[in-house]
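Order of the sequence lines fixes the chain letters, A, B, ..., with proteins taken first and strands second; residue numbering starts at 1 for each chain.
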Amino acid sequence: MAGLMSRASAIVKAKISKLLDRAENPAETLDYSYERQLELLQNVKRGIADVVTAKKRLQMQETQLQQSVVKLDAQARQALAAGREDLARQALERKSGLQQQLVDLDAQTKQLEEQQAKLEASSKALSAKVESFRTQKETIKAQYSAAEAQVKIGEAATGIGEEMADTGLAIQRAKDKTEQMQARASAIDELTASGALEDFTSDHTELDRQLSALASDQQVEDELAAMKKEIGTSGDGEPQKELKQ
Amino acid sequence: MIVRLMTEGRYEVDDEVAKGLNDIDEQAGAAVERGDEAELGALLGRMANAVRTNGVRVPDDDTSASDAIIPPEDLTLDEARRLFADEGLIPDLPTP
């Protein structure tokens, strides 16, 4: 069976002929191709903007998760200090789940960064070629006979067409990746909203409630002790008599 | 000859490198046929590395066509199918 290089070349050639078939005469081919190049340049720029937007969303989720991790850590300490190892364990379990998600998010952000770099390189290469092509097309129109022009146009259009096909592939892949990431980001948002993924963004998780109940029990005890001290009792039986009097 | 690493850039490589690329390319084609994604990735990675290490970057404004085109090294099997299928992973070039 054939290798991949010849198949990739064949695909690129087919895309180029499709593009060139649209124009009716050599001069039109040049102008038509040039217009398409400018459109494609716009598409790459939009593609870059889309990747950047998706990346920002992931980064926001990352920040949110990091805050939750810090909070859960503090809650675990609080619970342990109050002698509630069960609650501390719960908090640490959640924290560990979130940390795993953070690792995933980080990997996804890196993938989007790679896509962004590729698109930026594509954009740069295509811009440079479009500029060369613009000069060539004016030279061809001005200096060559129809027959010669045909050959020159074929050469120029093939080179730039290959770049266009490659840029098209870079845009498509970045789009695919961005959509995958967005789908995952939405899934995390939805799970969070439905509580299925532990309601770690809410201020009132079950863990919070239990900890605050614990804290208020502790506060009552503390206040009681302070009051007893004020009244001058030691709380060892004697005061009960006094209070009854 | 000029080799394009798709979505990455173009390099000028000598005949010896080109021959090496052809050998690995045959195996990459076979890996796609077998549906072996790990092997495909490894082979495309070897090709890309050989080009990057031994080749010289072709300036961006050079509008000549390439002599060989190598798919992206992180091409998945699914993408390979789409790339080589009729509808293609490469979108049609923009039309009005």
Can you confirm whether Glu93(A) sits close enough to Arg89(A) that some side-chain heavy atom of one is under 4.5 Å from a side-chain heavy atom of the other?
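Of all side-chain heavy-atom pairs linking Arg89(A) with Glu93(A), at least one is under 4.5 Å.
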If we ignore angles and hydrogens, is there a donor and acceptor under 3.5 Å between the side chains of [X] and [Y]?
X	Y	value
Glu62(A)	Gln66(A)	no
Gln59(A)	Thr109(A)	no
Ser64(B)	Asp62(B)	yes
Asn43(A)	Arg46(A)	yes

With a 4.5 angstrom heavy-atom cut-off, is it the side chain or the backbone of Glu162(A) that approaches chain B, or both, or neither?
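Both backbone and side chain.
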Turns out that what part of Glu35(A) lies under 4.5 Å from chain B's heavy atoms comes down to neither
For chain A, which of [options] has the most heavy-atom pairs under 4.5 Å?
options	result
Pro72(B), Ala31(B), Pro59(B), Gly9(B)	Pro72(B)
Ser66(B), Ala68(B), Ala80(B)	Ser66(B)
Glu8(B), Glu79(B), Arg10(B)	Glu79(B)

With a 4.5 angstrom heavy-atom cut-off, could you sort out which part of [X] is near chain A: side chain, backbone, both or neither?
X	result
Leu44(B)	side chain
Asn22(B)	both
Gln27(B)	neither
Leu21(B)	both

Apply side chain to side chain contact (heavy atoms under 4.5 Å, CB included) to Val52(A) and Leu112(A), showing your working.
CA-CA 8 Å; Val52(A) 169; Leu112(A) 286 186; over 6 Å; no
Closest-packed option against chain B by number of heavy-atom pairs under 4.5 Å, given Ala117(A), Ala128(A), Ala156(A):
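Looking at each option in turn, the highest pair count goes to Ala128(A).
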Tell me whether Lys129(A) contacts the main-chain N or O of Asp60(B) through its side chain, where contact means a donor paired with an acceptor under 3.5 Å.
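Yes: the side chain of Lys129(A) pairs with the backbone of Asp60(B).
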